[in-house]
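Here is how names work: the chains are called A, B, and so on, in the same order as the sequence lines, proteins then strands, and each is numbered from 1.
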There are 2 protein chains.
Amino acid sequence: MTTSADNNLTDAQNELYDWIKSYMKDFQHSPSIRQMMEAMRLKSPAPIQSRLKHLQEKGYISWQEGKARTMQIVDEIIEGVPIMGSVAAGGLIETYSDLQENLDITDVLKKKDVFALSVNGDSMIDACIADGDMVLMEPIKDAYSIRNGTIVSAMVPGLGTTLKYFFKKEGKIFLEAANTAYEPIELNLDEVVFQGKLLAVWRKI
Amino acid sequence: MTTSADNNLTDAQNELYDWIKSYMKDFQHSPSIRQMMEAMRLKSPAPIQSRLKHLQEKGYISWQEGKARTMQIVDEIIEGVPIMGSVAAGGLIETYSDLQENLDITDVLKKKDVFALSVNGDSMIDACIADGDMVLMEPIKDAYSIRNGTIVSAMVPGLGTTLKYFFKKEGKIFLEAANTAYEPIELNLDEVVFQGKLLAVWRKI
DNA sequence: TTGTCATGAAAACAAATGTACTCTAATACA
DNA sequence: TGTATTAGAGTACATTTGTTTTCATGACAA
């Protein structure tokens, strides 16, 4: 959470600002002054008006005068970041082109029931999935629809969950690591529960 | 953008719904019925109420009765996804624990002036950055503050941009690949412009 | 035609709400 | 101590706004 600490706001203004942000995140619309009044445990709208005025002067919020619940938080609304070009990670060096499009990360997040798993270990290292990475997974409804070569998270009851390449051959399931140090696991379809298939990898440095 | 086409809404409802979504995205608050009336080129609020009622019945929107501008779009609001536990990507298999916290990807996006670059080539493959990955970078203000071992995007004027490990030794800059097939590049500090340092890696499957 | 239904116009009403004003209590400061 | 400043209570008021009701129009089926 973004706690506003290092700014030029008084405690009262800060408390109100944080509450407003939280309210607007939850409800997708602005609170009314009287709601803020109650939330701040006040019994008159005047102090709220004063604090809002200060927040507005300092550039934190804005609203349409006279209109009900028209507050906006003046803040960078980010759904993506600009893609500034491509970089060479090889021998030949490519040019750095400016501002083509936007990288939208949230599209993956908007898929239904997406969940994340943190990766332990290095068995997927050859697929460039390292220890500590977060993998974003989409639930698998139908185990029969999984394509060979998909990376899945699978639970073998009694053992636990693992991230592996999925292969199916002659009625048998093979879960293969992307690391030659590990042997493939061979299973029957009814011995394993597939939780999700890999959508994306996220690594924060 | 999400254009609502394949749903059970009439054209009029669809047009209103799309307009509402667009308005709320721009203004961070709900429009009033009279605003919708004007936007839909109507001269009475009644048709809007009717359409809103239908949108609500079909589960697209909700609002607080009698309260001004309290509409919400019933939609998955996602800033993060639940982290469902950890998966083994190694020999030992770990347990799959339920619902601990949320993975917030947007925190990185909120840093100032973050930009993305798409990666070409495999020179960073040993750092688990593969061809086609998107790297999120934070601008470097001060080249002197870069720590050894940081992954940076650097532009060598006349040549182009490359993603490499940064090392500084005895006044010289070394840009090293994470791939033994590539030789380190040795440069003077004034021969190179550093654009950003690595914040995160994003790979969409 | 006739009745029904849906859509929209028009008007009216009451509640919600922003705003302004006065007054009091607390606080800071000289 | 006395005075200025500020925060907050209390109140009042006009506008905004959701809601209801009535009426007109047109489409459509019986």
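Distance NZ (B/K67) to P (C/dT17): 6 Å, rounded to an integer number of Å. Put simply, NE2 on A/H29 is 12 Å from P on D/dG18, counting in whole angstrom units. As a whole-Å value, the separation of B/L52 CG from D/dT19 P is 9 Å. Spacing between atom CD of A/E15 and atom P of D/dG8 amounts to 10 Å, rounded to whole angstrom units. For B/K43 and C/dA12, the NZ to C1' distance is 20 Å, given to the nearest whole Å. What separates CE of A/M37 from P of C/dT19 is a distance of 15 Å, to the nearest Å. What separates NZ of B/K53 from P of C/dT7 is a distance of 11 Å, to the nearest Å. Atoms CG (A/L42) and P (D/dT6) sit 18 Å apart, rounded to a whole Å.
Picking from D/dG18, D/dT17, C/dT19 the nucleotide with the shortest atom distance to the side chain of B/I33 gives D/dG18.
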- Which is it for B/K53 and B/E57 under the salt bridge (Lys or Arg N to Asp or Glu O under 4.0 Å) test, yes or no, and what are the steps along the way? CA-CA 6 Å; B/K53 190 159 153 281; B/E57 282 165 357; 3.5 Å; yes
- Go through B/I146 and B/K168 one step at a time and tell me if the side-chain contact (heavy atoms from CB on, under 4.5 Å) criterion holds. CA-CA 9 Å; B/I146 310 172; B/K168 188 164 53 181; over 6 Å; no
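Considering only side-chain N and O atoms, B/R34 lies nowhere under 4.0 angstrom from the phosphate OP1 or OP2 of D/dT16. When the side-chain nitrogen and oxygen atoms of A/R51 are compared with OP1 and OP2 of D/dG8, one or more of them lie within a distance under 4.0 Å. Side-chain N/O atoms of B/W63 include one lying less than 4.0 angstrom from OP1 or OP2 on D/dT19.
Summarising the geometry, atom CG belonging to B/D131 is positioned 8.0 Å from atom CD1 belonging to B/I125; distances are rounded to the nearest 0.5 Å.
Nearest-nucleotide mapping onto DNA chain D: of B/A46 and B/A68, the residue sitting toward the 5' end is B/A68. Toward the 5′ end of DNA chain C lies the nearest nucleotide of B/H54, the other residue of the pair B/T70 and B/H54 mapping further downstream.
We find that A/E191 and A/K172 are not joined by a salt bridge, their nearest charged nitrogen and carboxylate oxygen being 4.0 Å or further apart.
Across all strands shown, B/Q49 has heavy atoms under 4.0 Å from base atoms, whether or not it also approaches the sugar-phosphate.
Judged purely by distance below 3.5 Å, without hydrogens or angles, the side chains of B/R51 and B/Q56 never pair a donor atom with an acceptor atom.
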